Structures are given as C-alpha cells and as structure tokens.
2 protein chains.
Amino acid sequence: MIPIGEASRRSGVGIETIRYYEREGIVPKPARASNNRRLYSAGDVGRLRLLKKCRALGFPLADAKALLDLSEEGSTDCQSVKALAEQHIANVRSKIAELERLDAALHELSGNCDSGNVSCPMLTRLQDG
Amino acid sequence: MIPIGEASRRSGVGIETIRYYEREGIVPKPARASNNRRLYSAGDVGRLRLLKKCRALGFPLADAKALLDLSEEGSTDCQSVKALAEQHIANVRSKIAELERLDAALHELSGNCDSGNVSCPMLTRLQDG
DNA sequence: ATACCTCCTGTAGCGACTACAGGATCAAGC
DNA sequence: GCTTGATCCTGTAGTCGCTACAGGAGGTAT
C-alpha cells in the first residue's frame with residue numbers, strides 16, 4: 001500500500017486529479033492509514049492507469065468511468081465497450097469535420113491579408129457578410 | 001435604439017450572452033432608457049454580429065475582442081489580423097491532427113471488438129498496454 | 001384586473017481539472 | 001530534541017464561454 005504521491009507517479013495521474021476522481025465517485029475511496037493519509041493498492045493504481053488511457057483517448061470522464069466499471073466485471077461486455085467506442089469515434093469524426101470547415105473558412109478569409117493593405121479584407125468581409 | 005431582445009434577434013447573439021459580453025467588457029455598455037432597460041444602436045448590433053462570426057470561426061473570446069477592437073480603428077491593421085488568424089489556424093490544425101490520432105487509435109483498439117467475445121480485447125489491451 | 005411578455009440583477013452550473021490557502025504530519029540530519 | 005523540507009490533508013476558487021435559473025419590476029393587451 002502506497003501513498004498518493006507514489007500512486008500518482010506510478011499511474012501518471014496528478015495528485016489533485018486523483019482526489020478529484022475520488023470526490024466525484026469515479027474511483028472507490030482508498031484505504032486510510034492511521035494518520036488519515038490515503039493508501040493505494042496495486043488495483044487502485046491499475047484503475048487510475050486505465051482512466052488515464054481512456055482520457056488520453058478523449059473519452060469523457062463519465063464514459064471512462066463506464067469503461068472502468070465494465071472492466072471490473074469479469075464478463076467484460078464487449079458489446080457495451082464497442083458501443084461506447086463507436087459513439088466516441090463518431091463524435092471525434094464530427095469534430096474533425098467541423099474543424100476542417102473552420103480551417104477552410106479561415107484560410108479563405110485570411111488569404112487576401114497582406115501588409116500594405118489600406119483596409120483589411122478579412123475584417124471587411126466579416127463585417128459585411 | 002432597440003431593446004436587448006431585438007438586438008439579440010438581429011445579431012443572433014442570445015440575450016444572456018449579450019449581457020455576459022457586457023459584464024466581461026467585450027462590448028461597451030449600451031445606453032439605458034429611463035426605466036433602466038438597455039438600448040442598442042445599429043453600431044452595437046454590428047459589433048455583436050462581428051463577435052458572433054468570430055466565435056463561429058472558433059476564435060477564443062479574447063481574440064474575438066481583439067478583432068473587434070481592430071475593426072473599430074479606421075486603420076484596420078491587416079498585419080495584426082493576419083497574425084491572429086494564422087495563430088488560430090495553427091491551433092485548429094493541431095487539434096485536427098490530435099483528433100485524427102485519436103480516431104486511428106480508437107479504430108484500431110475497437111476493431112477486434114465483436115459480439116461473442118469472452119473477454120473484450122479493447123479493455124484487455126487498455127489494461128495491459 | 002388579469003395575464004403574459006420582456007426586462008432587470010445576481011448567482012450557480014457545465015467538464016475536467018488546476019491552483020491555491022492554511023494547516024498537519026513525516027523523515028532525515030544535526 | 002529541533003529544524004528543515006517534503007508530503008499529505010481539507011476546502012475553496014479559478015479556468016472558458018456561455019446557459020439557466022430565481023425573484024422581482026415594468027410594459028402591453030384584453
């Protein structure tokens with residue numbers, strides 16, 4: 001059983017974030033030493049590591065918790081995991097599409113901007129459009 | 001001079017958002033009628049419309065304010081506009097790259113997920129990796 | 001008079017942390 | 001035993017850009 005700083009180092013999850021996950025009920029409350037300090041098991045660290053990977057994949061925290069819960073069941077319900085993943089993939093793709101739309105619009109608008117212009121064509125078009 | 005609801009309709013910016021912009025100093029405080037209600041000029045509406053377009057292009061509010069301020073100057077400093085736009089374009093592109101990385105990783109991870117699996121390969125790999 | 005609409009101020013919530021403040025406890029060296 | 005510095009504790013506030021109330025005042029139409 002290790003203290004929170006060590007759990008943070010081993011999982012890559014920040015100390016404040018670990019306490020935040022505990023407050024929010026994402027991870028179970030850890031054991032406490034007699035001096036009231038938190039004590040983490042290898043399983044606790046494993047949970048934090050899984051959370052970290054889910055977050056790095058962009059899953060919202062609620063989904064990350066759902067995946068964590070699924071991983072606790074022995075059954076590891078593949079259907080539910082796949083559903084969460086595909087929903088998330090769809091979100092990611094729609095964000096990409098939106099950003100590409102922005103990229104094109106920005107490129108087009110700023111294209112005529114050059115030093116020496118009397119009035120900025122980008123601002124002019126934004127004001128008039 | 002029109003009341004806030006009409007300014008909201010003409011600019012497409014929500015009433016609460018207009019008041020928020022005022023609180024945050026993004027737009028100047030409008031005139032007030034004798035009954036303390038806000039009164040907006042055509043210029044005020046134009047500012048809101050420009051803000052709306054900048055936000056729709058994904059500029060952070062601080063940048064949108066900067067663009068608004070630039071548009072108020074007669075000079076309309078094209079260099080500054082271009083700098084803001086290019087910085088923002090770079091941000092957008094790095095977000096796209098990051099999301100495409102996630103998309104590929106998610107696709108790869110969930111690819112082996114199918115009904116009938118005893119243990120979910122995605123979860124297994126997230127736990128072990 | 002009634003009902004309804006618009007407006008006012010002020011505050012709290014979203015997501016997912018992050019950054020303190022202000023204190024308690026611990027480990028190591030002298 | 002004393003000091004220093006690291007680590008830990010709780011609790012609160014800040015980030016971004018809104019959005020959604022609560023609770024009230026004022027305006028308009030019947």
Side-chain angles (χ1 to χ4, degrees), chain A residues 1-27 29-40 44-45 47-48 50-68 84 87-88 91-92 95 98 102, chain B residues 1-27 29-40 44-45 47-48 50-68 87-88 91-92 95 98-99 102:
Chain A
M1 301 291 264
I2 56 176
I4 194 168
E6 186 62 23
S8 170
R9 250 165 271 133
R10 290 195 197 172
S11 65
V13 179
I15 291 179
E16 315 255 22
T17 306
I18 295 175
R19 290 198 279 244
Y20 167 74
Y21 286 169
E22 180 186 337
R23 271 202 309 283
E24 297 296 304
I26 309 296
V27 293
K29 301 197 177 194
R32 294 275 182 155
S34 59
N35 57 11
N36 196 37
R37 295 185 173 198
R38 292 171 178 82
L39 288 177
Y40 293 87
D44 290 330
V45 173
R47 268 177 218 113
L48 291 171
L50 180 53
L51 279 177
K52 167 127 193 148
K53 280 177 209 144
C54 290
R55 294 288 302 122
L57 286 168
F59 284 101
L61 198 46
D63 287 10
K65 173 167 172 43
L67 288 169
L68 184 58
L84 277 171
Q87 176 63 58
H88 181 45
N91 281 345
V92 168
K95 275 183 194 156
E98 168 72 3
L102 290 188
Chain B
M1 302 290 264
I2 56 176
I4 195 170
E6 186 62 25
S8 170
R9 250 164 271 131
R10 290 194 197 173
S11 65
V13 179
I15 291 179
E16 316 254 22
T17 306
I18 295 175
R19 291 198 280 243
Y20 168 74
Y21 286 170
E22 180 185 336
R23 272 202 306 284
E24 297 297 304
I26 309 296
V27 293
K29 301 197 176 195
R32 293 275 183 156
S34 57
N35 57 11
N36 196 36
R37 296 188 172 195
R38 292 171 178 83
L39 289 177
Y40 292 87
D44 290 330
V45 173
R47 268 177 218 112
L48 291 171
L50 180 53
L51 279 178
K52 168 129 192 144
K53 279 178 210 143
C54 291
R55 295 290 299 122
L57 285 168
F59 283 102
L61 200 45
D63 286 9
K65 172 168 172 44
L67 288 169
L68 184 59
Q87 176 63 59
H88 181 44
N91 281 345
V92 168
K95 276 185 191 154
E98 168 71 2
L99 287 172
L102 291 189

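All values reported here derive from a predicted model rather than from experimental measurement. Sequence lines set the chain letters: A, B, ... in the order given, protein chains first and strands last, and positions in each chain run from 1.
The separation between B:Glu22 atom CD and C:dT9 atom P is 7 Å, rounded to whole Å. The distance from atom CG of B:Asn36 to atom P of C:dT9 is 6 Å, rounded to the nearest whole Å. Protein atom CD1 of B:Ile18 is 14 Å distant from nucleotide atom C1' of C:dC8, rounded to whole Å. Between B:Glu16 atom CD and D:dA22 atom P there is a gap of 12 Å when expressed in whole angstrom units. Atom-to-atom, OH of A:Tyr20 to P of D:dT10 comes out at 17 Å; the value is rounded to the nearest Å. Rounding to whole angstrom units, CD1 of residue A:Ile4 and C1' of D:dA6 are separated by 15 Å. B:Arg23 places its CZ atom 12 Å from the P atom of D:dC18, with the value rounded to the nearest Å. Rounded to whole angstrom, the span from the CD atom of B:Glu24 across to the C1' atom of D:dT15 amounts to 12 Å.
If you check every strand for non-hydrogen atoms under 4.0 Å, A:Phe59 touches nothing.
At D:dC8, none of the side-chain N or O atoms of A:Arg38 fall inside 4.0 Å of OP1 or OP2 (strictly under the cut-off). Taking 4.0 angstrom as the limit, A:Tyr21 places a side-chain polar atom (N or O) nearer than this to OP1 or OP2 of C:dC17. Dashed line: the shortest gap from a side-chain N or O of A:Arg19 to OP1 or OP2 of C:dA19 is not under 4.0 Å. Contact check, B:Arg55 against D:dC18: a side-chain N or O comes under 4.0 Å of OP1 or OP2. The phosphate of C:dA16 has neither OP1 nor OP2 within less than 4.0 Å of any side-chain N or O from A:Thr17.
In the interface, the side chain of A:Arg37 is paired with the base of D:dT7 through a donor and an acceptor atom under 3.5 Å apart.
Heavy-atom distances to DNA chain D give each of B:Asn35 and B:Ala62 a nearest nucleotide, and the one nearer the 5′ end belongs to B:Ala62.
Under the side-chain contact (heavy atoms from CB on, under 4.5 Å) test applied with A:Ser11, the options A:Leu51, A:Thr17, A:Leu50, A:Leu48 reduce to a single match, A:Leu48.
Put simply, CD1 on B:Ile4 and CD on B:Glu16 are 8.5 Å apart, with the number rounded to the nearest 0.5 Å. Once rounded to the nearest 0.5 Å, the distance linking CZ of B:Arg32 with CE of B:Met1 reads 11.5 Å. The distance from the CD atom of A:Glu98 to the CG atom of B:Leu99 is 11.5 Å, given to the nearest 0.5 Å.
For the segment residues 6-15 of chain B, no residue has any heavy atom less than 4.0 angstrom from an atom of DNA chain D.
Listed for the B:His88 side chain is no donor-acceptor partner under 3.5 Å among the backbone atoms of B:Asp63.
B:Leu61 is listed as a side-chain neighbour of B:Tyr21, based on a closest heavy-atom distance under 4.5 Å.
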Worksheet item: Yes or no on side chain to side chain contact (heavy atoms under 4.5 Å, CB included) for B:Ile18 and B:Ser8, after CA distance, side-chain angles and deciding distance?
Response: CA-CA 7 Å; B:Ile18 295 175; B:Ser8 170; 4.0 Å; yes
For salt bridge (charged side-chain N to carboxylate O under 4.0 Å, His left out), just list the numbers for B:Arg9 and B:Glu6, CA-CA rounded to whole Å, side-chain angles, deciding distance to a tenth of an Å, and then say yes or no.
CA-CA 5 Å; B:Arg9 250 164 271 131; B:Glu6 186 62 25; 2.7 Å; yes
*asked:* Would A:Asp44 and A:Arg47 count as a side chain to side chain contact (heavy atoms under 4.5 Å, CB included) here? Give the steps.
replied: CA-CA 5 Å; A:Asp44 290 330; A:Arg47 268 177 218 113; 2.8 Å; yes
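With the end axes of the helix from C:dA1-D:dT30 to C:dC30-D:dG1 each set by five pairs, the angle from one to the other reads 30° at 10° resolution.
A salt bridge links B:Arg38 with B:Glu22: the distance from a Lys NZ or Arg NE/NH1/NH2 to an Asp or Glu carboxylate oxygen falls below 4.0 Å.
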